[in-house]
Amino acid sequence: MNRENVKKIGIIGTGMIGTSLAALTAGHGIDTVMLAVNEDLRAASQKQFDSFYADLVAQKLINNAQAANCAKNLSYTLAYNELADCDLIFECVVERLEVKHEVYTQIEATCSKVRAICSVSSAFVVDDLASEMTVYKDRVIVTHPFNPPHLVPYFELAVGSATNPDVLSFAMTVLEDLDRKPVALKKSAPGFIGNRLQFALWREALNIVDSGIADPADVDTCLMYSFCPRYTSIGMFEHFDNGGLDLNYNVCKTIFPTLNNVQEVPESVATRVASGDLGLKTGKGFYDWSQKDISDFHTRVSDPYWRFFNWEVPEEE
Ligand SMILES: NC(=O)C1=CN([C@@H]2O[C@H](COP(=O)(O)OP(=O)(O)OC[C@H]3O[C@@H](n4cnc5c(N)ncnc54)[C@H](O)[C@@H]3O)[C@@H](O)[C@H]2O)C=CC1
Ligand SMILES: O=C(O)[C@@H](O)C(=O)[C@H](O)[C@@H](O)CO
């Protein structure tokens with residue numbers, strides 16, 4: 001890790017993404033401080049952080065001494081003034097614009113040294129994120145990761161109309177130094193690249209289920225055992241060039257008029273959220289998680305990504 005670029009990173013939000021980012025930055029020798037809302041959430045994040053490193057040791061990617069060495073780089077706080085000397089801050093709070101705005105107001109009041117305020121938002125564009133800011137609007141950028149970012153190399157970066165170009169190059173350099181694969185969008189759009197693709201697929205997957213074509217488990221079987229593994233070694237544009245665009249033309253003509261283009265949140269998601277069936281975290285979503293092996297699921301979440309692990313983790317400082 002070239003620490004010339006960044007000495008201290010702040011992470012606001014101690015959930016799935018924030019804690020995984022902390023594993024990444026602490027694992028690259030960077031002094032990392034996480035801001036938690038309360039002691040319970042701090043403890044939960046510390047437990048998750050330790051579990052990420054236990055998995056890395058179990059995969060024989062690092063040893064216990066290296067894991068202990070990385071853990072030394074992580075600290076927690078409940079106060080913004082502990083972030084005042086951060087060079088970069090990842091904003092990883094809940095995907096609600098008003099909450100993110102509150103966080104940026106706190107950052108503007110406390111963190112004068114920060115060179116980049118990096119939102120991990122799944123969809124909000126920077127101009128909406130920074131809309132209430134008065135001082136550091138030019139330092140806000142989206143650095144959207146995929147879960148879990150300490151294992152998934154790809155990040156997509158998007159700027160706003162006021163973002164200083166130096167902030168983009170700084171964020172790109174920091175993410176490259178963190179052994180990530182950052183892509184800078186030419187033009188920003190809600191959901192960037194990855195989530196626009198993923199949610200176009202998700203909208204059609206929901207349509208297939210809601211229109212009675214197949215059940216969720218069958219759609220998941222299709223995704224896991226048909227074309228998705230292909231895209232771990234060739235790209236979609238490569239694939240369709242390979243198959244011939246004349247064929248592609250004919251198939252587009254047949255399928256495109258029938259694809260779903262709903263603009264609202266589909267009923268099958270809205271009704272579950274309304275009834276509190278939020279998925280694994282409440283025990284029920286599209287699946288009844290009491291009937292599934294959750295430890296096996298967590299193993300399967302990480303399995304495709306161990307091959308990307310390439311950190312140089314020192315044995316000792
Ligand atoms: N879960 C995922 O697969 C991915 C999520 N994201 C994005 O990451 C961000 C966080 O999502 P998750 O980690 O999944 O959510 P999460 O619910 O696991 O964590 C959210 C965190 O925000 C904290 N928080 C809420 N209000 C706060 C406040 N006012 N000040 C400080 N902390 C506050 C909560 O305590 C919690 O630790 C969202 O913007 C989401 O769109 C991005 C990529 C993937
Ligand atoms: O899939 C991911 O890890 C990211 O693209 C996300 O932003 C999350 O999936 C998010 O869309 C919530 O499902």
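All ligand and atom numbering here is 1-based and tracks the order in the structure. Heavy atoms only: backbone and side chains are in, while hydrogens, waters and symmetry mates are out.
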Legend entry - Trp306 ring center within less than 6.0 Å of Phe308 ring center: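 When the ring centroids of Phe308 and Trp306 are compared, they turn out to be at least 6.0 Å apart.
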Inset, instruction - Could you tell me whether His150 and Phe52 have their ring centroids closer than 6.0 angstrom? - result: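 Yes; Phe52 has its ring centre under 6.0 Å from that of His150.
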Legend entry - Any protein heavy atom < 4.0 Å from atom 17 (O) of ligand 1: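 Looking at atom 17 (O) of ligand 1, one finds that no protein heavy atom lies closer than 4.0 Å.
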Inset, instruction - Measure from atom 12 (C) of ligand 2 to the protein's non-hydrogen atoms and state whether any distance is below 4.0 Å. - result: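 Under the 4.0 Å cut-off, atom 12 (C) of ligand 2 has no protein heavy-atom neighbours at all.
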Inset, instruction - Take atom CZ of Phe227 as the centre, draw a 6.0 Å sphere, and report whether it contains more than 12 heavy atoms from other residues, nucleotides or ligands. - result: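 Correct, the count exceeds 12.
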Legend entry - Heavy atoms from other residues, nucleotides or ligands near CE of Met16 exceed 12 (cutoff 6.0 Å):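 Open.
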Where is the nearest protein heavy atom to [atom]: which residue, which atom, and how far?
atom: atom 23 (C) of ligand 1; value: Gly13 CA, 4.0 Å
atom: atom 9 (C) of ligand 1; value: Val93 O, 3.3 Å
atom: atom 1 (N) of ligand 1; value: Met16 SD, 3.7 Å
atom: atom 3 (O) of ligand 1; value: Asn147 CB, 3.3 Å
atom: atom 44 (C) of ligand 1; value: Ile17 CD1, 3.5 Å
atom: atom 39 (O) of ligand 1; value: Glu95 OE1, 2.5 Å
atom: atom 21 (C) of ligand 1; value: Cys92 O, 3.8 Å
atom: atom 1 (O) of ligand 2; value: Gln198 NE2, 2.8 Å
atom: atom 2 (C) of ligand 2; value: Phe146 CD2, 3.5 Å
atom: atom 3 (O) of ligand 2; value: Asn147 N, 2.8 Å
atom: atom 41 (O) of ligand 1; value: Ser122 OG, 2.6 Å

Inset, instruction - Scan side-chain atoms only and decide if Thr19 and Thr14 contain a donor-acceptor pair under the 3.5 Å cut-off. - result: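 No, no side-chain donor-acceptor pair sits under 3.5 Å.
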Inset, instruction - Answer with yes or no whether the side chains of Asp127 and Ser161 bring together a donor and an acceptor at under 3.5 Å. - result: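 There is such a pair (donor and acceptor under 3.5 Å, judged by atom type) between the side chains of Ser161 and Asp127.
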Legend entry - Note: Lys100-Glu95 ion pair, threshold 4.0 Å (strictly below):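 Salt bridge present between Lys100 and Glu95.
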Inset, instruction - Identify whether the distance between the nearest side-chain nitrogen and carboxylate oxygen of Lys284 and Asp277 falls below 4.0 Å. - result: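 A salt bridge is present here (some side-chain N lies under 4.0 Å from a carboxylate O).
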Legend entry - Location of contacts on Val99 toward ligand 1, heavy atoms closer than 4.0 Å: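 It is the side chain that gets close, since no backbone atom is under 4.0 Å.
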Inset, instruction - Any chance you could measure Ile12, atom CD1, to Glu102, atom CD, to the nearest 0.5 Å? - result: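 Spacing of CD1 (Ile12) from CD (Glu102) equals 12.0 Å.
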Legend entry - Distance (rounded to the nearest 0.5 Å) between Thr105 OG1 and Tyr136 OH: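 With rounding to 0.5 Å, OG1 (Thr105) is 12.5 Å from OH (Tyr136).
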Inset, instruction - Could you establish whether His144 and ligand 1 come within less than 4.0 Å of each other, counting only heavy atoms on the residue side? - result: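 Yes; His144 lies near enough to ligand 1 that a heavy-atom distance drops under 4.0 Å.
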Inset, instruction - Report yes or no: does a heavy atom of Glu91 sit under 4.0 Å from some atom of ligand 1? - result: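 No, that is not the case, since the closest heavy atom of the residue is not under 4.0 Å from the ligand.
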Inset, instruction - Assess whether salt bridge (Lys or Arg N to Asp or Glu O under 4.0 Å) is satisfied between Asp85 and Lys113, documenting all intermediate values. - result: CA-CA 6 Å; Asp85 56 344; Lys113 246 196 82 180; 6.0 Å; no
Inset, instruction - Check ligand 2 against Ser122 and write out every atom of the ligand that is under 4.0 Å from a heavy-atom position of the residue. - result: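 With Ser122 as reference, the close atoms of ligand 2 come out as 6 (C), 7 (O), 10 (C), 11 (O).
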Legend entry - For Phe199, the ligand 2 atoms whose distance to one of its heavy atoms is below 4.0 Å: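 Reading through ligand 2 atom by atom, the close ones are 11 (O).
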Under 4.0 Å from a heavy atom of [X]: which atoms of ligand 1 are those, numbered in the order shown and with their elements?
X: Ser121; value: 39 (O)
X: Thr14; value: 37 (O)
X: Leu41; value: 35 (O)
X: Pro145; value: 43 (C)

Legend entry - For ligand 2, the portion of Asn195 having any non-hydrogen atom under 4.0 Å away: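 Looking at Asn195 and ligand 2, just side chain atoms fall under 4.0 Å.
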Legend entry - Heavy-atom nearest neighbour of atom 42 (C) of ligand 1 within options Val120, Val94, Val152: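 Among Val120, Val94, Val152, the closest heavy atom to atom 42 (C) of ligand 1 comes from Val120.
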Inset, instruction - Would you indicate which of Val103, Asn195, Leu129, Ile11 comes nearest to atom 30 (N) of ligand 1 when only heavy atoms are counted? - result: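 It is Val103 whose heavy atom sits nearest to atom 30 (N) of ligand 1.
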Inset, instruction - Output yes when the distance from some N or O of ligand 1 to some N or O of Gly15 is under 3.5 Å, and no in every other case. - result: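 Yes, Gly15 has an N/O under 3.5 Å of an N/O on ligand 1.
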Inset, instruction - Check whether any N or O atom of Tyr80, backbone or side chain, sits under 3.5 Å from an N or O atom of ligand 1, and answer yes or no. - result: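 Such a contact does not occur with ligand 1.
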Legend entry - Glu95 to ligand 2, any heavy atom closer than 4.0 Å: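 Glu95: no contact with ligand 2 (<4.0 Å).
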Inset, instruction - Look only at the side chain of Thr282 and the backbone of Gly279, and say whether a donor-acceptor pair between them is shorter than 3.5 Å. - result: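 Indeed, once roles are kept as given, a pair shorter than 3.5 Å links the two residues.
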Legend entry - Sidechain-backbone polar pair: Thr258 side chain, Ile255 backbone, donor-acceptor under 3.5 Å: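 Yes, the answer is positive, given that a donor and an acceptor are paired below the 3.5 Å cut-off.
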Legend entry - Parallel, tilted or perpendicular, as decided by the 30° and 60° cut-offs, for the rings of Phe192 and His144: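 Rings of His144 and Phe192: tilted, as their planes differ by 30° to 60°.
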Inset, instruction - Would you kindly check if the NZ (Lys) or CZ (Arg) of Arg272 is within the cone defined by 45 degrees around the ring axis of Phe286 and under 6.0 Å from the six-membered ring centre? - result: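 Arg272 over Phe286 ring: yes.
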Inset, instruction - Would you kindly check if the NZ (Lys) or CZ (Arg) of Arg42 is within the cone defined by 45 degrees around the ring axis of Tyr76 and under 6.0 Å from the six-membered ring centre? - result: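 Relative to the ring axis of Tyr76, which defines the angle, Arg42 lies inside both limits.
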